[in-house]
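What follows is a single structure, written as structure tokens, with notes after it.
Note that the coordinates shown come from a computational prediction; the quantities given were computed from them, not determined experimentally.
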Amino acid sequence: MSSLQAATRAYVKRMGIEQMLRDCKKGGYHLEGTGLKGTRLIALLLVLTLAYGAATWVGQKLRQRGVAHYIARPPESQRSCARHSHFYTGLYAYSWVKFADTCADLVAALLQLSPGKRPFYQRGQRAMSLIRSTL
């Protein structure tokens, strides 16, 4: 590399590629576990590419709206890069919404027991509406 800046840019790109490979292999799609080869592997990769792109787009939008920390662990001050990728955030947004829908009755009952928690619940509901509007 001709300069420190060029080396840094190359390393940042490499980390993005490593993150994508982690997402496809173990972080979401478990690609290695399929055991597919040839035409079936190519077909799966085409579908996976579309799904990966969609989940990544949703994750980016959620971070832009400031609600990604509800879904994924927030970044730590000593880390130079985010713990979870845009893909992870987008993929797990779907699970988060489904889980919230499943537990709505339970949450309502718990709020009756502890009404002081209502402001936190309302903040979470606002985040949920932003997440749903992104999906």
**Study point:** Of all pairs that satisfy salt bridge (Lys or Arg N to Asp or Glu O under 4.0 Å), the ones with a partner from residues 48-57, not counting sequence neighbours
**Key:** none
Review point. Got a sec, which pairs hit salt bridge (Lys or Arg N to Asp or Glu O under 4.0 Å) with one end in residues 120-135, sequence neighbours left out?
Key: D101-R132
Point to revise | Within 6.0 Å of CZ in F120, more than 12 heavy atoms from elsewhere | key: no
Review point. Do L111 and V107 touch side chain to side chain, with heavy atoms closer than 4.5 Å?
Key: yes
Check your understanding: How far does CG of L48 sit from CG of L41, to the nearest 0.5 angstrom?
Key -> 9.5 Å
Check your understanding: So, do K61 and Q64 sit near enough that their side-chain heavy atoms are less than 4.5 Å apart?
Key -> yes
Review point. Other than L50, which residues form its hydrophobic cluster under the rule that side-chain heavy atoms must be closer than 4.5 Å?
Key: none
Practice item. Determine the minimum heavy-atom distance between S2 and A6, stating which atoms define it. Key: OG-CB, 4.4 Å
Exercise for review: Under the side-chain contact (heavy atoms from CB on, under 4.5 Å) rule, collect the residues that match up with A100, sequence neighbours excluded.
Suggested key: M128
Exercise for review: Show your reasoning for whether side chain to side chain contact (heavy atoms under 4.5 Å, CB included) applies to V58 and L62.
Suggested key: CA-CA 6 Å; V58 168; L62 291 172; 3.9 Å; yes
Check your understanding: Checking R65 side chain against I131 main chain: does a donor-acceptor pair fall under 3.5 Å?
Key -> no
Point to revise | Partner set under side-chain hydrogen bond (donor to acceptor under 3.5 Å, both in side chains) for T56, not counting sequence neighbours | key: none
Practice item. Scan residues 102-121 for pairs that pass side-chain hydrogen bond (donor to acceptor under 3.5 Å, both in side chains), counting only residues two or more places apart or in two chains. Key: none
Exercise for review: Could you list all the side-chain hydrogen bond (donor to acceptor under 3.5 Å, both in side chains) pairs where at least one residue sits in residues 33-48, not counting sequence neighbours?
Suggested key: none
Exercise for review: Could you work out the complete set of other residues in the hydrophobic cluster of L4, with links drawn between I, L, V, M, F, W and Y side chains under 4.5 Å apart?
Suggested key: none
Practice item. Give the other cluster members for L110, using side-chain heavy-atom distances under 4.5 Å between Ile, Leu, Val, Met, Phe, Trp and Tyr residues; answer none if it is isolated. Key: L106, L113
Check your understanding: Of all heavy-atom pairs between A55 and L91, which one has the smallest distance, and what is that distance?
Key -> CB-N, 4.0 Å
Study note, to complete from the structure: Excluding F99, membership of its hydrophobic cluster (Ile, Leu, Val, Met, Phe, Trp, Tyr; side-chain heavy atoms within less than 4.5 Å) reads none
